[in-house]
Amino acid sequence: MKALILVGGFGTRLRPLTLSVPKPLVDFCNKPILLHQVEALVKAGVTHVILAVSYMSEMLEKEMKEQEQRLGIRISLSHEKEPLGTAGPLALARELITSSSEPFFVLNSDVICEFPFEEMVRFHKHHGKEGTIVVTRVEEPSKYGVVIYEAEIGRIHRFVEKPQVFVSNKINAGMYIFSPMVLNRIQLRPTSIEKEIFPVMAQEGQLYAMELQGFWMDIGQPKDFLTGMCMYLHSLRHKAPDRLHQGPGIVGNVLVDPTAQIGENCSIGPNVTIGPEVVIEDGVRIKRCTILKGSRIRSHSWLESCIIGWSSDVGQWVRMENIAVLGEDVIVKDELYLNGANVLPHKSIADSVPEPRIIM
């Protein structure tokens, strides 16, 4: 089977991290976002993954060559010269997709969940129509476009954008499986699959919905990245508790790379991911944070709801909170307070940031 992953965006919502690497290669819980998806696809029998790319594609290409060999599959890149929306890339990759008559997966690259790819195949083959969308339940449907479908069989009737009265609490989860004939509907031009293709398919009775079990998050911006991390770690606690770290000073669900070093009298967790070669000095307190590869958190600092970019250095007695994000190679001097600061790569911060802002 084949899968197309839409990785063409610029990742602007996840800056400053995406100023250094393309968003699919940003580490989420110590593994590039893209690899969470690709490994789950391989497990479900996918042998050829196509990446619809535009931005920083050399870096992606290099990384994917390595993964291709490791996973024993084929990974192709389909290059957009101009942004093609969410449907255009399918037309661009038509040749690669249609070399077999099997159904194929299409994924948004920002989605993290317990990927139900095997169930999707069974569900899709059972109803026998052109397309299946995975839907997920949300608390506040008025913020999203919702899907209205027959709960018993899954047939989709229509889509309602940001409903002000309750009509459904199920939204498109950004994972699809299609039969190849769907490509006859899509032309090679910028097209939205959600607004232009799906409504017509639903009208013709060719589109079905399968409800996702378990957690789901679009991790395309820092606030949701951290929420998704909490959900993922909670899921690990149930599915693979041995992957979580235990030891003195560890509180709740914490993921620590074996090459990281943690000092004395620290309190780490709940909901913390510590990447490779990270050094946490003595007396540090970290809650609800991701610390990326090669960073150092110096003694007695206090971090909550932060993302610390690669090879950054946070000084002693620093306090950081409120979705503060450091890009790559940022230095924060001792005894500073950072409230919701977004710091671009290669900066040195010598003054406190009492109100959320971007440091250029």
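Interatomic distance, NE2 of His48 versus CG of Leu4, reported as 9.5 Å (0.5 Å rounding). Here OG1 of Thr191 is found 7.5 Å from CG of Leu84. Values are rounded to the nearest 0.5 Å. For the atom pair Met64 CE and Ser76 OG, the distance stands at 12.5 Å (nearest 0.5 Å). Here the SG-CG distance, from Cys113 to Asp218, works out to 11.0 Å after rounding to the nearest 0.5 Å. Distance CD/Glu119 to CZ/Phe117: 10.0 Å, rounded to 0.5 Å. Rounded to the nearest 0.5 angstrom, Phe178 CZ and Thr132 OG1 are separated by 8.5 Å.
With a 6.0 Å radius and a threshold of 12 heavy atoms from other residues, nucleotides or ligands, His126 has its NE2 atom at or below the threshold. Enclosure of atom CZ in Arg137 is not indicated, since only 12 or fewer non-hydrogen atoms of other residues, nucleotides or ligands lie within 6.0 angstrom.
Residues Phe215 and Thr136 have side chains not in contact (no heavy-atom distance under 4.5 Å, counting atoms from C-beta outward). Contact annotation: the side chain of Leu19 approaches that of Arg15 to within less than 4.5 Å [non-hydrogen atoms, C-beta and beyond]. For the pair Val38 and Ile73, the minimum side-chain heavy-atom distance is below 4.5 Å. In this structure, Leu338 and Leu326 have side chains that are in contact, with non-hydrogen atoms separated by less than 4.5 Å. Residues Pro345 and Pro16 are in side-chain contact: their nearest non-hydrogen atoms beyond the backbone lie under 4.5 Å apart. Looking only at side-chain heavy atoms (C-beta outward), Met1 and Val121 come within less than 4.5 Å of each other. Between Leu233 and Asn271 the shortest side-chain heavy-atom distance falls below 4.5 Å. Residues Ile197 and Leu90 form no side-chain contact, since every pair of their non-hydrogen atoms from C-beta on lies 4.5 Å or further apart.
Judged by distance alone, the side chain of Ser305 and the main-chain N or O of Lys287 form no donor-acceptor pair under 3.5 Å. Although no hydrogens or angles enter the test, the distance criterion places a donor-acceptor pair under 3.5 Å between the side chain of Arg94 and the main chain of Leu183. The backbone N or O of Ile274 lies less than 3.5 Å from no partner atom in the side chain of Asp257, so there is not a single donor-acceptor pair. In terms of modelled atom types and a separation under 3.5 Å, the side chain of Ser301 and the main chain of Val318 share a donor-acceptor contact. The main-chain N or O of Leu96 is found under 3.5 Å from a side-chain atom of Lys2 such that the two form a donor-acceptor pair.
No hydrogens or angles considered: a donor-acceptor pair under 3.5 Å links the side chains of Arg288 and Thr227. A donor-acceptor pair shorter than 3.5 Å cannot be found between the side chains of Asp282 and Asn265.
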**Study point:** Trace of the side chain to side chain contact (heavy atoms under 4.5 Å, CB included) decision for Asn253 with Leu236
**Key:** CA-CA 8 Å; Asn253 300 332; Leu236 275 189; over 6 Å; no
Exercise for review: Check the pair Ile219 / Val26 against side chain to side chain contact (heavy atoms under 4.5 Å, CB included), numbers first and verdict last.
Suggested key: CA-CA 11 Å; Ile219 55 173; Val26 172; over 6 Å; no
Exercise for review: Report the C-alpha distance between Met320 and Cys289 in whole Å, list the side-chain angles of each, state the deciding distance to 0.1 Å, and finish with yes or no for side chain to side chain contact (heavy atoms under 4.5 Å, CB included).
Suggested key: CA-CA 10 Å; Met320 292 177 60; Cys289 293; over 6 Å; no
Practice item. Start with the C-alpha distance between Met59 and Val21, add both sets of side-chain angles, then the distance that settles side chain to side chain contact (heavy atoms under 4.5 Å, CB included), and finish with yes or no. Key: CA-CA 8 Å; Met59 220 173 195; Val21 303; 3.8 Å; yes
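Contact check on Arg13 versus Asp110 returns a salt bridge, with a Lys/Arg side-chain nitrogen under 4.0 Å from an Asp/Glu carboxylate oxygen. Between Glu281 and Arg296 there is a salt bridge, since at least one side-chain N of the basic residue sits less than 4.0 Å from a carboxylate O of the acidic one. Using a 4.0 Å cut-off between a side-chain N of Lys or Arg and a carboxylate O of Asp or Glu, Asp334 and Arg298 do not qualify as a salt bridge.
The nearest pair of heavy atoms linking Val325 to Pro222 is CG2-CB, 3.8 Å. Pro270 approaches Gly252 most closely through the heavy-atom pair CB-CA, 4.2 Å. In terms of heavy-atom proximity, Trp310 sits nearest to Asp27 at NE1-OD2, 4.3 Å. Residues Leu188 and Gly88 come closest through the heavy atom pair CD1-O, 4.0 Å. Scanning all heavy atoms of the two residues, the minimum distance from Glu80 to Ala52 falls at OE2-CB, 4.2 Å. When every heavy atom of Val284 is checked against every heavy atom of Ile268, the shortest pair comes out as O-CD1, 4.4 Å.
With sequence neighbours left out, the side-chain hydrogen bond (donor to acceptor under 3.5 Å, both in side chains) criterion links Ser311 to no other residue. Lys31 pairs by the side-chain hydrogen bond (donor to acceptor under 3.5 Å, both in side chains) definition with Glu39, not counting sequence neighbours. Partners of Ser109 by side-chain hydrogen bond (donor to acceptor under 3.5 Å, both in side chains), not counting sequence neighbours: none found.
Note on Leu226 and Ile297: separate hydrophobic clusters, where clusters join Ile, Leu, Val, Met, Phe, Trp and Tyr whose side-chain heavy atoms are under 4.5 Å apart, directly or indirectly. With hydrophobic clusters built from ILVMFWY side chains whose heavy atoms lie under 4.5 angstrom apart, Tyr176 does not share a cluster with Leu41. One hydrophobic cluster, built from ILVMFWY side chains closer than 4.5 Å, holds both Met217 and Leu255. Phe28 and Val254 fall into different hydrophobic clusters, defined by Ile, Leu, Val, Met, Phe, Trp and Tyr side-chain heavy atoms under 4.5 Å apart, directly or through other members. Using a 4.5 Å cut-off between side-chain heavy atoms of Ile, Leu, Val, Met, Phe, Trp and Tyr, with links allowed through other members, Met229 and Ile291 fall into different hydrophobic clusters.
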Throw together a table of side-chain donor-acceptor distances under 3.5 angstrom for residues 145-166, partners on residues two or more places apart or in other chains.
unit_1: Glu150; atom_1: OE2; unit_2: His157; atom_2: NE2; d: 2.9
unit_1: Gln164; atom_1: NE2; unit_2: Lys162; atom_2: O; d: 3.0

Contacts under 3.5 angstrom, residues 347-360 side chains, donor-acceptor by atom type, not counting sequence neighbours:
unit_1: Lys347; atom_1: NZ; unit_2: Met360; atom_2: O; d: 3.3
unit_1: Ser352; atom_1: OG; unit_2: Tyr337; atom_2: N; d: 2.9

Report all side-chain donor-acceptor pairs from residues 200-210 shorter than 3.5 Å, counting only partners two or more places apart or in another chain.
unit_1: Glu204; atom_1: OE1; unit_2: Arg185; atom_2: NH1; d: 3.3
unit_1: Glu204; atom_1: OE1; unit_2: Arg185; atom_2: NH2; d: 2.7
unit_1: Gln206; atom_1: OE1; unit_2: Glu130; atom_2: N; d: 3.0

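Under the 6.0 Å cut-off for aromatic ring centres, Phe115 and Phe105 do not qualify, their centroids lying 6.0 Å or more apart.
A perpendicular orientation is assigned to the rings of Phe123 and His127, their planes being inclined by more than 60° (bins at 30° and 60°).
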